[in-house]
2 protein chains.
Amino acid sequence: MATGRNHRPATSRSRGIPEATVARLPLYLRALTALSERSVPTVSSEELASAAGVNSAKLRKDFSYLGSYGTRGVGYDVEYLVYQISRELGLTQDWPVVIVGIGNLGAALANYGGFASRGFRVAALIDADPSLAGKPVAGIPVQHTDELEKIISDNGVSIGVIATPAGAAQQVCDRLVAAGITSILNFAPTVLSVPEGVDVRKVDLSIELQILAFHEQRKAGEDLGGPPGRRPGEGVHPETDTAPPAAPPAAAVTKRPPEPGNDGDLPAVMPA
Amino acid sequence: MATGRNHRPATSRSRGIPEATVARLPLYLRALTALSERSVPTVSSEELASAAGVNSAKLRKDFSYLGSYGTRGVGYDVEYLVYQISRELGLTQDWPVVIVGIGNLGAALANYGGFASRGFRVAALIDADPSLAGKPVAGIPVQHTDELEKIISDNGVSIGVIATPAGAAQQVCDRLVAAGITSILNFAPTVLSVPEGVDVRKVDLSIELQILAFHEQRKAGEDLGGPPGRRPGEGVHPETDTAPPAAPPAAAVTKRPPEPGNDGDLPAVMPA
DNA sequence: CCCTGTGAATAGCTTCACAGCC
DNA sequence: GGCTGTGAAGCTATTCACAGGG
């Protein structure tokens, strides 16, 4: 099993384009596509930025990495920019992808229209459950895991999506990589170990919720005029605040909370 | 309809904890939970970092924002740290959430175990399709959109998940916000406009794939010794390279590609 | 005068490297 | 000796603000 390196220099700007910019290009593309469908011929950085949910300075800076595709005093030609961004992202070609793990999520992904419309083609659905084999999901018959290597090489697939349970993910990942996959989108809540040269991006649904909870908690705290402080939803009924903390390790009592006003220890059972 | 501001100072460190750190806390928590289940009592920053897929310096720095919860020469007490991070994230309480849009994705989310295990409780499933009403998904009966406001206030819900088609998302969002929701996890491929004070996080499945495609394209280019260059999967069969670009706007021919060796214009139909 | 493109300034994040404590 | 906690350095990203072309 691979010993996990994933960490490229973080901004390995693959030719001068910062990662942060790359991550926003799909956003711009989506906004531009919408404009294009409405036959809008040109758009200013201000308009496009607001449609994409970023600010215009950032957008202009981002575009400046791609080249000078705008016209001063006018704005950007929508169609032209759609093409340039698509090309930059590699979407002017067709990417076959396989989805491994056809549970609820895998099925949702197979049905997701956003793939097909962006140059991605679901080449195969793969699952370990033999009883699923042959059954069509989103019009595509599910194939058994045994076929994995063959499917990948026959279809020249280089992008794999893992939607299996966490326990199976690393094993699936290893097989995908061995079969020639070099980019993986991982929905399983695990850290995948992959050899150098293989890209992994992860989407973890519960992580996003946890981040929201963090901010939500803060809001609740502010409402009450205190620091953190915890409290459920709309404060309607007191939720099951979890049990008190594990005892600190013998020595860690030397703890020193960053800010006063919250000694950050016991949950101080929440107010009504 | 709200005029969309979302943009907090980007690192509005809600009490000194940087956003980047907050975003990693769930990762640490997951790794720690796994260790806890294996009854591992303590862990070093090195071990934990590798389990979480980050480097140890970053992890230590992250923890230093929470306080000094480790023991020099020893490491961190697993249980204690689980508790501290949970508390920091607001997971020592129970967060009721509603999921709106019970299609494939909504159903997948409703079934997703990662929620329940992290202090989130699916309080209700909501869909606009009357024929779904009453049908149980993941053991929870789907309710009609008409009930949305009532459900939210009755359950004191402050976190909503939008898994509707893009077209319905803003409207649903507005209703959620009007009903008192202050945190939204958006799976619809749209930019949502929300008033000040409401948090939105988005998960866009196709964006992640597009980012992978970008890097994949680069790899393919490097293989061939050239800059970008495009090419499908394993180069097995030549995929449908999309049609040539839209004509540049009269003036934008003044384009100036950042780097030589790729004048970035025509798709130069890919090599075999 | 409008709007792009971009140096310069600022803010934020990561990594280094080592002091301090166990 | 081992490992945490953290200033300081280095790097990336964002924002500002304005030069410059249409």
Side-chain angles (χ1 to χ4, degrees), chain A residues 6-14 16-25 28 42-50 52-78 80-81 84 248-258, chain B residues 6-14 16-25 28 42-50 52-78 80-81 84 248-258:
Chain A
N6 229 354
H7 312 292
R8 76 175 81 198
T11 294
S12 88
R13 40 180 68 189
S14 299
I17 303 179
E19 270 299 312
T21 294
V22 171
R24 281 187 295 265
L25 292 180
Y28 302 143
T42 60
V43 68
S44 70
S45 64
E46 197 71 57
E47 292 163 331
L48 183 54
S50 111
V54 302
N55 75 47
S56 63
K58 198 185 295 190
L59 177 141
R60 287 200 302 278
K61 191 60 137 183
D62 283 342
F63 286 178
S64 80
Y65 294 114
L66 309 184
S68 297
Y69 294 145
T71 309
R72 291 164 198 243
V74 178
Y76 301 90
D77 179 88
V78 172
Y80 186 59
L81 199 47
Q84 290 299 346
V253 192
T254 327
K255 189 172 4 75
R256 179 247 44 194
Chain B
N6 233 353
H7 311 292
R8 76 176 79 198
T11 293
S12 87
R13 43 181 66 188
S14 300
I17 302 180
E19 269 301 311
T21 294
V22 171
R24 281 187 296 266
L25 292 181
Y28 302 143
T42 60
V43 67
S44 70
S45 63
E46 198 71 58
E47 293 164 329
L48 182 53
S50 112
V54 303
N55 75 46
S56 63
K58 198 186 292 190
L59 177 143
R60 286 199 304 278
K61 191 61 138 183
D62 283 344
F63 286 178
S64 80
Y65 294 114
L66 309 183
S68 298
Y69 295 145
T71 309
R72 289 164 200 241
V74 178
Y76 301 91
D77 179 87
V78 172
Y80 187 59
L81 200 47
Q84 289 300 346
V253 193
T254 327
K255 188 172 6 76
R256 181 246 44 193

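All values below come from the heavy atoms of this structure, side chains included, with hydrogens, waters and symmetry mates left out. This is a predicted model, so every value here is computed, not measured. Just so it is clear: chains get the letters A, B, ... in the order the sequence lines come, proteins before strands, and each one is counted from 1.
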> Which residue, B/Val43 or B/Lys61, contacts DNA chain D at a nucleotide closer to its 5' end, judged by nearest heavy atom?
Replying inline: B/Val43
> Any side-chain N or O of A/Tyr65 less than 4.0 Å from the OP1 or OP2 oxygen of D/dT12?
Replying inline: no
> The side chain of B/Ser64 lies closest to which of these nucleotides: D/dT4, D/dG5, D/dA13?
Replying inline: D/dG5
> In whole angstroms, how far is the C1' atom of D/dC3 from the CD atom of B/Glu47?
Replying inline: 11 Å
>> Once salt bridge (Lys or Arg N to Asp or Glu O under 4.0 Å) is applied, do any residues pair with B/Arg60, and if so which ones, sequence neighbours excluded?
In response: none
> What's the CZ-P distance between B/Phe63 and C/dT14, to the nearest Å?
Replying inline: 14 Å
> Can you check the B/Asp62 CG to C/dG12 C1' distance for me, whole Å?
Replying inline: 13 Å
> What's the closest nucleotide to the A/Ala57 side chain, out of D/dT6, D/dC3, D/dC16?
Replying inline: D/dC16
> Can you check the A/Glu19 CD to D/dC11 C1' distance for me, whole Å?
Replying inline: 15 Å
> In whole Å, what is the span from the CG atom of A/Leu81 to the C1' atom of C/dT4?
Replying inline: 12 Å
> Just how far, in rounded Å, is C1' of D/dC3 from CZ of B/Arg60?
Replying inline: 7 Å
>> Please determine whether a side-chain nitrogen or oxygen atom of A/Arg24 lies at a distance below 4.0 Å from atom OP1 or OP2 of D/dT14.
In response: yes
> What is the distance from CG of B/Leu59 to C1' of C/dC16, rounded to the nearest Å?
Replying inline: 16 Å
>> Tell me whether the side-chain N/O atoms of B/Asn55 come closer than 4.0 Å to OP1 or OP2 in C/dT14.
In response: no
>> Quick one, A/Tyr69 with A/Tyr76, criterion ring-ring contact (aromatic ring centres under 6.0 Å, His included). Give me CA distance, side-chain angles, the key distance, then yes/no.
In response: CA-CA 7 Å; A/Tyr69 294 145; A/Tyr76 301 90; 8.7 Å; no
>> Is B/Thr71 close enough to C/dC22 that one of its side-chain N or O atoms is under 4.0 Å from OP1 or OP2 there?
In response: no
> Hey, which of these two, B/Gly73 or A/Thr21, hits DNA chain D nearer its 5' end, going by closest nucleotide?
Replying inline: B/Gly73
> Within the pair A/Ser45 and C/dC3, is there a side-chain N or O less than 4.0 Å away from OP1 or OP2?
Replying inline: no
>> Using the side chain to side chain contact (heavy atoms under 4.5 Å, CB included) criterion, which residues pair with A/Ser44? Sequence neighbours excluded.
In response: A/Glu46, A/Glu47
>> Tell me whether the side-chain N/O atoms of A/Lys58 come closer than 4.0 Å to OP1 or OP2 in D/dT15.
In response: yes
> Can you name the closest pair of heavy atoms from B/Ala49 and B/Asn55 and give their distance?
Replying inline: CB-C, 3.7 Å
> B/Arg72 side chain N/O closer than 4.0 Å to the phosphate oxygens (OP1, OP2) of C/dC18?
Replying inline: no
> Would you say B/Tyr69 reaches D/dC3's phosphate, i.e. side-chain N/O to OP1/OP2 under 4.0 Å?
Replying inline: no
> What pair of heavy atoms forms the shortest contact from A/Gly16 to A/Tyr65, and how long is it?
Replying inline: O-CD2, 3.9 Å
